[in-house]
Amino acid sequence: MLNERVLEYIEENAEAARELLLTIAPIPAPSNHEELRADFCRNWLESVGAENVYIDEALNVIYPIGDDGKCPLKVFMAHSDVVFPDTDPLPLSCRDGKIFCPGVGDDTAHAVMLMAVAKYLAADPPKNTDCGVLLIVNSCEEGLGNLKGCRKIMERYGDRITEFVTFDSHPRNLVNRAVGSHRYKIEIKTEGGHSYGNFGRTNAIAVMALLINKLYSVNPPEGGKTTYNVGTISGGTSVNTIAQNAEMLYEYRSDKYENLEYMENRFREILESFADEDAEIVVTKVGDRPCGTEVDEKRQTALTSKAVKAIEEAYGFTPKQSSGSTDCNIPLSMGIPSVCVGCVRGGGAHTREEFIIEDSIKPGLKVAFGMILEALGDNYER
């Protein structure tokens, strides 16, 4: 339970957190191009006294606390990227007690929660802790970012990480099981030609339509949950041209490794059935997120319980535990206890109308403070 000093700090700094959110949310941050946000977050953290903050080659902003280079580490992160490719400022507005902006809840507001705790710790650094803590505003969580930021963190620190927490999603849904996925770009190329003069030649778009129809005829395997989706399609030149090219993005997901393998086999079989078509089909894997593996049950349960307690104390309700595709996929696949915790409430994730509820900023701060301060242990001299 948070002590009076921390609760007073949250009360006094909630408006500052709101203002920070209003500043960061419009900064464009498509996956693999988070430079502007990364620079802002690093500069802001340094301005409030955080020491040794750095940006790594994956555009993660990392604030190490109590890390002597050898000690065990606990990781807390929230991602900076959004699903939208905008390079101009994202549209932001406030009305009816809500803050609207693409990506504001997924995951900008959670990055702000993390940064607010960082500011508190920078002003009052832990003097004696059981382990080190990494506070990270990470890159490339969304879509074809393929968890690059988290992968880089695990590559550098993974052998010392004992617990992993990402702030994401919403407080009623706590993710502690990983949904893996395979993602592909499929390109179809044909000779093409004039729609009248060369009628009868193979049309790349027609081939793609047949391919999509076959992909959607697959019955997902039983056990766990398995899904598939064609997310984008493009191609062709004009209404009177036999399309020479077509392209699509396709994925399948599952919370079980064996089901991912099943879907991969069906995918390959369908592609082979098109071998006699007068078309070239080029398949490129553009995303690969692992499922979880065996994690020590007691340690995972203990971390999940800490997250449940933090949400219960902040919001007064118990979150549902579920599976999902988050930055936790990577540590869970390495056997590291991990959980994805939502701090703020809102809606419209991955739409242009996304919003958070302003009244959830204070309880959101309580969730973030509760998780991070607890991780510092009883030896943290407040």
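Predicted, not measured: the structure shown is a model, and the values here were computed from it.
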| query | Does the cation-pi check pass for Arg172 over Phe317, that is, NZ or CZ under 6.0 Å from the six-membered ring centre and within 45° of its axis? | reply | yes
| field | Short side-chain donor-acceptor distance under 3.5 Å, Ser195 and Asn240 | value | no
| query | Would you call Ile186 and Glu247 a side-chain contact if the rule is heavy atoms closer than 4.5 Å? | reply | no
| task | For the pair Glu187 (side chain) and Val282 (backbone), establish whether a donor and an acceptor sit closer than 3.5 Å, ignoring hydrogens and angles. | result | no
| Hey, are Lys362 and Glu11 close enough for a salt bridge, meaning a charged N less than 4.0 Å from a carboxylate O? | yes
| task | Search all heavy atoms of Asp106 against all heavy atoms of Val82 and return the closest pair with its distance. | result | O-CG1, 4.3 Å
| field | Donor-acceptor pair, side chain of Thr351 and main chain of Gly348, under 3.5 angstrom | value | yes
| query | Does the cation-pi check pass for Arg42 over Tyr54, that is, NZ or CZ under 6.0 Å from the six-membered ring centre and within 45° of its axis? | reply | no
| said: For residues 270-279, which residue pairs pass the side chain to side chain donor-acceptor pair (under 3.5 Å) check, not counting sequence neighbours? | reply: Lys214-Ser273
| query | Backbone N or O of Ala178 within a donor-acceptor pair of the Asn329 side chain at under 3.5 Å? | reply | no
| Are Tyr228 and Tyr216 near enough that their ring centres are under 6.0 Å apart? | yes
| said: Test: ring pair (Phe, Tyr, Trp, His ring centres under 6.0 Å). Region: residues 341-367. Which pairs qualify, not counting sequence neighbours? | reply: Phe100-Phe355
| field | Heavy-atom closest pair, residues Met208 and Ile233 | value | SD-CG2, 4.1 Å
| query | SG/Cys150 to CE/Met77 distance, rounded to the nearest 0.5 angstrom? | reply | 4.5 Å
| message | Has Thr190 got a side-chain atom pairing as donor or acceptor with Asn203's backbone, closer than 3.5 angstrom? | response | no
| said: So that I know where these two stand, are Phe164 and Phe76 an aromatic pair - ring centroids less than 6.0 Å apart? | reply: no
| Going by atom types only, do Arg289 and Ser325 share a side-chain donor-acceptor pair under 3.5 Å? | yes
| field | Cluster check Leu21, Met115: I/L/V/M/F/W/Y, side chain < 4.5 angstrom | value | yes
| Would you say the side-chain atoms of Arg37 pair up with the backbone N or O of Ser80, donor to acceptor, closer than 3.5 Å? | yes
| query | Taking atom types as modelled and ignoring hydrogens, do the side chains of Tyr184 and Tyr252 form a donor-acceptor contact shorter than 3.5 angstrom? | reply | yes
| Test item: side-chain donor near acceptor, Asn173 and Ser322, under 3.5 Å | yes
| said: Working to the nearest 0.5 angstrom, can you tell me the gap between Lys152 NZ and Ile136 CD1? | reply: 13.0 Å
